[in-house]
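Some notes on the structure that comes next.
Labels below follow one simple rule: chain letters A, B, ... track the order of the sequence lines, proteins then strands, and each chain is numbered from 1. What you see below is based on every heavy atom in this structure, not just the backbone, and it leaves out hydrogens, waters and symmetry mates.
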Amino acid sequence: MSREVRYWLLKTEPESFSIDDLAAAPRKTTCWDGVRNYQARNSLRDDFKPGDHVLFYHSSAKPPAIVGTATVTRGGYPDNTAWQNVNHHFDPKSTAENPIWYMVDIKFESKFAEPLALESLRKVPALAKMELLRKGSRLSVQPVREDEFEIVLQLAAGTKRRTAKK
DNA sequence: GCCAACGTTGGC
DNA sequence: GCCAACGTTGGC
């Protein structure tokens, strides 16, 4: 029995890694390393599978916004940056024998014509239950419902059309 | 196991 | 820069 495709949202600060960085990366692919939160880790380790779709979100940006999409090309595997003690994400409790932290690979899929700002997403009733919009939400790796994902894509396409008409 | 102190995230 | 909302740590 084949598993259904799942949908995710990944947060990143564009100053450290942006959608443009992803688009410019070799094979437009990067490993999504450095996640150091257990709930997020569990998603990466257990639930990310190749073919899953990702919304790419810029946090601490002006404005904070969903800026594009990516696809998962490799499911969870140990995050080796955790046991490189020169690395910013070093965690002495994690070893190659007993990895604590996991990463995935994602590939660039699209960059929206216009960012979908957090503020504008809050005005969309169909997205009211989205984890991203929940008060106090801080998860950097979060599940997205299929209908939410589709609505976000439609919104992105809509801003594109309006821009084209100008 | 409780919980206060502390550190981090991230919108504003 | 502020601070609310978390998650983690560690004393007890």
Q) Taking only residues at least two apart or on different chains, which pairs with a member in residues 132-158 of chain A satisfy ring-ring contact (aromatic ring centres under 6.0 Å, His included)? A)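 Output for this query lists A:Tyr7-A:Phe149, A:His53-A:Phe149.
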**Q.** Selection residues 57-81 of chain A - residue pairs positive for ring-ring contact (aromatic ring centres under 6.0 Å, His included), sequence neighbours left out
**A.**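 Of all non-adjacent pairs touching residues 57-81 of chain A, those that pass ring-ring contact (aromatic ring centres under 6.0 Å, His included) are A:Phe56-A:His58.
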Quick one: which protein N/O atoms are closer than 3.5 Å to N/O atoms of nucleotides 6-11 of chain B? Pair and distance per line, please.
residue	atom	partner	partner atom	Å
B:dT8	O2	A:Arg138	NH1	2.5
B:dG10	OP1	A:Lys11	NZ	3.0
B:dG10	OP1	A:Arg138	O	2.8
B:dG11	OP1	A:Tyr57	OH	2.5
B:dG11	OP2	A:Ser60	N	2.9

Q: Output all residues satisfying side-chain hydrogen bond (donor to acceptor under 3.5 Å, both in side chains) with A:Ser18, sequence neighbours left out; order by chain, then residue number.
A: A:Asp21
Q.
Restricting to side-chain hydrogen bond (donor to acceptor under 3.5 Å, both in side chains), what partner residues turn up for A:Lys107, sequence neighbours left out?
A.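 Not a single residue meets the side-chain hydrogen bond (donor to acceptor under 3.5 Å, both in side chains) criterion with A:Lys107.
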Q. Which pairs, with at least one residue in residues 129-143 of chain A and sequence neighbours excluded, count as a salt bridge (charged side-chain N to carboxylate O under 4.0 Å, His left out)?
A. A:Glu131-A:Arg134
Q. With a 4.0 Å cut-off on heavy atoms, is A:Arg36 in touch with a base, just the backbone sugar-phosphate, or nothing at all?
A. nothing
Q: Give a yes/no answer on whether the side chain of A:Lys135 brings an N or O atom under 4.0 Å of OP1 or OP2 in C:dA5.
A: yes
